Amino acid sequence: MADDKKLTSRAEDFSAWYNELVLRSELADYSPVKGSMVIRPNGYGIWERMQRALDDMFKATGHQNAYFPLLIPESFMKKEAEHVEGFAPELAVVTHGGGKLLEEPLVIRPTSETIIYHMFAKWTQSYRDLPILINQWANVVRWEMRTRLFLRTLEFLWQEGHTAHATHDEAEEEARRMLGVYRTFMEQWMAMPVITGVKSESEKFAGAVRTYACEAMMQDNKALQASTSHNLGQNFAKAFELQFQDEKGGMAFAWNTSWGLTTRMVGALVMTHGDDNGLCTPPRLAPIEIVIVPIWKNDDEKARLTAAALTVKAELTEWTGRGATDRLRVHVDLRDGMRSGAKYYEWELRGVPLRFELGPRDLEKQAVFAARRDTRAKQSLAMDGLPAAAAALLERIQNDMFQAALNRREANSVRGRISYDEFKVLMDGKGGFVFAGWCGESACEAKVKEETKATIRCMPDAEFRSPEAPATCLCCGGPSKAEAVWARAY
RNA sequence: CGGGGCGUAGCUUAGCCCGGUAGAGCGCCUGCUUCGGGAGCAGGAGGUCGGAGGUUCAAAUCCUCUCGCCCCGACCA
């Protein structure tokens, strides 16, 4: 009886835990179209926080937002060879409009490289027109066969950055810069550690020269690709005749990059920080940072404590110690007919990072009883100086959540000599990240995938590599050309 | 597309084998008592049993077809 109020535990069935959490915390719900979902206010609120944080960073790195249309001529998708091949299986195509068969079918964008570089070509004549640094917030459609709330749906929301540069080096620098922006976002906002690196040939974006990615480890020890940043070289420029006249008067093709991050990050948040009680949102991304639950027994107390709670809220939200535009986000739960205990469970399920209980005894002491969502630790906080204390506590929660996630990832990462047989056992067991050598042959990569379902998540950037470079390939035992992170992935 | 499971009230489901007035728990509404970790009592609203055919005096139940969803695999952010 009380059991159906509890989530399935992560240990019991991680997948069921995830689905129940997402549905019951009202992050999202299934829509009538198979494989697509409704993002409910609780989930969308988190996405909005993500958008704001990222958008500020994009602006700070010189990008402007624009919007390109949903429908793309089918012929555009076919202009870049690898791009066609990569996306053909998952395109949704519009064949009719206004009741009539269209002369040329229109695809619903799975990504916007084609339409954007077509337009860039129109806008670019001279090297003086470069660089073009554009971002767009949009929805895209990819007809996936196997779907999962937030992690893989037919339609999802994302941002896609698209840039054009005069030189290869500038484009490479841009791709790396945006990878860094993503990393900062994930570490500082999502409190989610990531490993940055470059993708292998088989895992790179269809049409890219090189794909960089941030890889995170979920609580089931599987890897999740958290974002990608591509150096597209001149592939699309050539396909869409994106040319410019350089300083010397000659014609040259531009160099492009694209980079994206999706609503999948809401799922990443759940699988990084959620526990058996529900979601746990890092404060910086929490639509509500503090929920105040007043406690009363009778009408007199109800009146007094409601007033007190609203006063506390006002003091918290009026405080500008974090800056005038970054006020504490506070909600007072005044619902009647619901016991305080029931409210605690609900706000814990929804992942509000900090809860203030305010009853007659606290009021007497001029304090609130504060409960952290992440550690569930409780302490009394004096009303005097409460806003600053609350802000400090939220910051500590943010940092502790990152540290806990980092510790978990490190505890489940394996470095150093590992035999292929040991690797197989590990992948069939608890999983995790394995830092091991790779000979560079796609045959080895394919064999490992076939036999263990694990793939090369990335060839990590220098700071993530092992102190001693692996000497041999995990699979064939031949000389290693690059250290790779091997793991099963979402 | 292969394998598995499921469609009965908003949710979780019993009933189906063996045909005969559609039940429960949670949630919701009203009232009273409660209220420092998932409240109690009383009353109440809510169903074309996924859909279409068929068998039958009679179908949630049996038969045929169909639609949808979820889970596991192949593809992917």
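Chain letters run A, B, ... following the sequence lines, proteins first and then strands; every chain starts at 1. Small disclaimer: the values here were computed from a predicted structure and weren't measured.
- The one candidate from A:Tyr117, A:Phe236, A:Phe240 that meets the ring-ring contact (aromatic ring centres under 6.0 Å, His included) condition with A:His162 is A:Tyr117.
- Under 3.5 Å, the side chains of A:Glu172 and A:Tyr212 contain a donor-acceptor pair of N or O atoms.
- To the nearest whole angstrom, the two C1' atoms, one in B:C69 and one in B:G37, are 36 Å apart.
- Within 4.0 Å of A:Thr262, counting heavy atoms only, lies at least one base atom of the nucleic acid.
- The only member of A:Arg373, A:Arg376, A:Lys6 that meets salt bridge (Lys or Arg N to Asp or Glu O under 4.0 Å) when paired with A:Glu348 is A:Arg376.
- A donor-acceptor contact under 3.5 Å is formed by the side chain of A:Lys378 with the base of B:G37.
- Between B:U8 and B:G4, the two C1' atoms lie 22 Å apart (nearest whole Å).
- The side chain of A:Ser340 lies closest to B:C35, out of B:C35, B:A39, B:C70.
- Side-chain contact check for A:Thr111 and A:Arg109: no donor-acceptor pair (N or O, by modelled atom type) lies under 3.5 Å.
- At a cut-off of 3.5 angstrom, the base of B:G36 holds no donor-acceptor pair with the side chain of A:Arg339.
- Straight-line distance from the CE atom of A:Met338 to the C1' atom of B:U34: 15 Å, rounded to whole Å.
- Stacking of A:Arg355 on the aromatic ring of A:Tyr344 is recorded, both the 6.0 Å distance cut-off and the 45° axial limit being met.
- Taking the P atoms as reference points, B:U48 lies 28 Å from B:G31, given to the whole Å.
- Across all strands shown, A:Gln225 has heavy atoms under 4.0 Å from sugar-phosphate atoms exclusively, and none from any base.
- Spacing of C1' atoms, B:A52 relative to B:C67, comes out at 10 Å, to the nearest Å.
- Counting heavy atoms from C-beta on, the side chains of A:Phe402 and A:Met192 never come closer than 4.5 Å.
- If you check B:G38, B:C75, B:C35 against the side chain of A:Trp296, the one that comes closest is B:C35.
- For B:C72, one of the phosphate oxygens OP1 or OP2 lies less than 4.0 angstrom from a side-chain nitrogen or oxygen of A:Ser15.
- If you check every strand for non-hydrogen atoms under 4.0 Å, A:Arg355 touches a base.
- For A:Arg146, the listed nucleotide lying nearest its side chain is B:G73; candidates were B:G73, B:C35, B:G37.
- As judged by a 4.0 angstrom heavy-atom cut-off over every strand, A:Leu261 is placed among residues making no nucleic acid contact.
- For B:G51 and B:C11, the P atoms lie 15 Å apart once the distance is rounded to whole Å.
- Contact between the side-chain N/O atoms of A:Asn19 and the OP1/OP2 oxygens of B:C70 is not found at any separation under 4.0 Å.
- Remark: A:Trp296 engages no residue in a side-chain hydrogen bond (donor to acceptor under 3.5 Å, both in side chains) (not counting sequence neighbours).
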Response to the item:
RNA chain B in dot-bracket form (Watson-Crick or G-U pairs under 3.5 Å, [ ] crossing, | inter-strand) is ((((((((.[[[[.)....(..]]]].((((((.....)))))).....[[[[[..)....]]]]])))))))....

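- No donor-acceptor contact under 3.5 Å links the side chain of A:Glu301 to the base of B:G36.
- A:Ser31 comes within contact range of no nucleotide atom at all, as no heavy-atom separation falls under 4.0 Å.
- Taking atom C1' in both B:A22 and B:U61, one finds a spacing of 12 Å when rounded to whole Å.
- Contact of the A:Leu7 side chain with the A:Asn277 side chain is not registered, since no non-hydrogen atoms from C-beta on lie closer than 4.5 Å.
- In this structure, A:Glu348 and A:Lys449 both approach RNA chain B, and ranking their closest nucleotides by distance from the 5' end singles out A:Glu348.
- Distance check on atom C1': B:G15 versus B:C49 gives 11 Å, rounded to whole Å.
- The separation between A:Glu346 atom CD and B:C35 atom P is 21 Å, rounded to whole Å.
- Ring-to-base geometry places A:Tyr345 in a stacked arrangement with B:G38 (centre distance under 5.5 Å, plane angle under 30°).
- Each of A:Trp143, A:Phe76, A:Phe205 was compared with A:Phe87 under the ring-ring contact (aromatic ring centres under 6.0 Å, His included) criterion, and only A:Phe205 meets it.
- Distance check on atom P: B:U30 versus B:G36 gives 22 Å, rounded to whole Å.
- Looking at which nucleotide of RNA chain B each of A:Phe156 and A:Thr147 is closest to, the 5′-most match is held by A:Thr147.
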